[in-house]
Enquirer: 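Questions regarding the structure given below will be posed in turn.
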Amino acid sequence: MSPKKIVLRFPPQIVDRPLISTLVKDYDLMISIVKANINPYKEGSMVVELTGDPDNYNQGLDFLRDQGVRVEDLSEDIVRIMDRCTHCGACTSSCPTGALFISRPSMEVILDDEKCVVCGVCLKTCPVKAIEVNFNGKN
Amino acid sequence: MGVHRTYAEINDKIKSGKVVVVTAEEIIEMVEQKGVEQVASEVDIVTTGTFGPMCSSGAFFNFGHPSPRIKMHKVWMNGVPAYTGIAAVDAYLGVNELPEYDPLNSNYPGEFRYGGGHVIEDLVAGKSIKFEATGYGTDCYPRKKIETYINLDDINEATLFNPRNAYQNYNVAVNVSDKKIYTYMGTLKPKMGNAHYCSAGQLSPLLNDPYYRTIGIGTRIFLGGGVGYVAWHGTQHSPCGPRGENGVPLGGAGTLSVIGDLKQMKHQWLRGTSFLGYGSTLTVGIGIPIPILNEEMVRFTAVKDEDIFAPVVDYSYDYPNANGKSLGMVSYAQLKAGVIEVGGKEIPTAPLSSYVKAREIAGTLKQWIQKGQFLLGEPVQTLPSSDSEIKIKGLQEKQNF
Ligand code: SF4
Ligand code: SF4
């Protein structure tokens, strides 16, 4: 199975359980943690990338749900921090879908969310780091 | 014999609120409608602007002496080393400088997320930065180490002093090779998949005064959101290359060295900048007022994108090997329209310099002058021009002295 990115949300009462290690040990899944935000006694969240056998994958996720974890597909959005963007245009030639483009004749740079496929290229090409990625609506 | 104005006359009009200022964009249409003569009689000043990455930039600092005193031999500002080969508590921080722990291009393409340019932006934004210095200890400067936090208000002087800014025209970069390359002109796709340019064209200061008739040593300018001055011609100033009939150079030519008090600048106009696979730098905002001393200055400032041409240069082989080749000339009108043609191939373009911000700078400078807050500085000496016989030298490799 090709790697799949998902978001796990942990209610406060279970954040301290060793759930991730169980996924590795009992379900033989490879896990890479993309982002984690876990605090004792508070709701936590984690973006993980899972690789493994499809059956194990489904059973592993069922196990997490049984434990009270909310499992969501990852939705990532690209956000442009407007007061950091200089409208230089450097990102427009690397964006593969034309989501970032120059509006003429004003030469302002526009980001069309509809066309963005969240490939992440602009995160690195923007020289002033005006582009960030949001996971499931949260930065 | 047409209009003649002096700097003093224009400054009197600024003081009395009667000055007429337009931007380098606005004058184009005015001249089309009214003609050069009429516009020369109406307009006193044309404002220009540019906002692009300018690598030859940096700042001098005097940090003040701690007690006991130290002769700073090494200095780090937020981990970025500054040059200390000057007096005890003075240093120069260059915008390309990187922390010693930066993986550079060992993790190709390196991200260069934080360098000297970012330190300058942080300081101007009012942030505190970590300051570390070591010394070897002398009888008069016994201390060997200091670690503290500083901000711009804590230190004595902070002077932005950029040896080369505001390039008069520049190359258009393409990549003819089969693999993607990472350059100071941005990420260039293989087989001429894109073309990057870096000039504000018709709004750019030195393209509006191509022979430096009015921009010289002492010219007062908009620099990084504050007031600065032209200090000298910039390094690599090359005024004697080929020019078009309108006098505009057909490639990188004149440059400016500029100076100003960092403490009155704004972080929006001095932005730490990272080029993937290349390094870190500073994007600098510069605006220069051009006095309409006579009709000739109207003709110069009315220059349009379609009359300014830049050479297309391959950055995969020709540029790195300094062989001086160009793949053809294109106009800024074509570059800004988004597609150029080189050798029968259509190539999408993208800028690195912000035209939107260049326009904002020209507009801001216009307002400052209209409000009487900004007077023209008459140059005490003009810059070497096309008759100076300056030749740019390459570095020769020799075996002995
Ligand atoms: S993430 Fe990719 S598709 Fe979306 S705007 Fe950035 S470069 Fe374009
Ligand atoms: S590269 Fe960054 S600063 Fe430039 S237009 Fe794109 S998002 Fe804005």
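Lettering follows sequence order; numbering is per chain, from 1.
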Enquirer: Does any heavy atom of chain B fall under 4.5 Å from the side chain of A:K124, the backbone, both, or neither of them?
Expert: both

Enquirer: If you count every heavy atom of other residues, nucleotides or ligands that lies below 6.0 Å from A:D28 atom CG, does the total exceed 12?
Expert: no

Enquirer: Under a 4.5 Å heavy-atom cut-off, does chain A meet the side chain of B:Y278, its backbone, both or neither?
Expert: neither

Enquirer: By a 4.5 Å heavy-atom criterion (distance strictly below it), what part of B:F51 contacts chain A: side chain, backbone, both, or neither?
Expert: side chain

Enquirer: Report which part of B:S353 has an atom under 4.5 Å of a heavy atom belonging to chain A: side chain, backbone, both, or neither.
Expert: backbone

Enquirer: Which one of A:R104, A:H87, A:M107 has the most heavy-atom pairs closer than 4.5 Å to chain B?
Expert: A:R104

Enquirer: Hey, is the main chain of A:S93 close enough, under 3.5 Å, to the side chain of B:K189 for a donor-acceptor pair?
Expert: yes

Enquirer: If I measure from the heavy atoms of chain A, does B:P348 come under 4.5 Å with its side chain, its backbone, both, or neither?
Expert: neither

Enquirer: Which region of B:A358, side chain (C-beta onward) or backbone (N, CA, C, O), has a non-hydrogen atom less than 4.5 Å from a non-hydrogen atom of chain A, or is it both or neither?
Expert: neither

Enquirer: Find out whether B:T283 and A:C88 are in side-chain contact, i.e. whether some heavy atom of one side chain is under 4.5 Å from a heavy atom of the other.
Expert: no

Enquirer: Is it true that, when you exclude B:E29 itself, more than 12 heavy atoms of the residues, nucleotides or ligands shown sit nearer than 6.0 Å to its CD?
Expert: no

Enquirer: Taking everything shown except B:K191 itself, do over 12 heavy atoms lie less than 6.0 Å from its NZ?
Expert: no

Enquirer: With no hydrogens and no angle check, is any side-chain donor or acceptor of B:S354 less than 3.5 Å from a backbone partner on A:T86?
Expert: yes

Enquirer: Short question: side chain of B:R271, backbone of A:C85 - any donor-acceptor pair under 3.5 Å?
Expert: no

Enquirer: From A:I102 CD1 over to B:T349 OG1, what is the distance, rounded to the nearest 0.5 angstrom?
Expert: 6.5 Å

Enquirer: Please classify the contact of B:K180 with chain A as side chain, backbone, both or neither, using a heavy-atom distance under 4.5 Å.
Expert: neither

Enquirer: How far does CD of A:E108 sit from NZ of B:K357, to the nearest 0.5 angstrom?
Expert: 9.5 Å

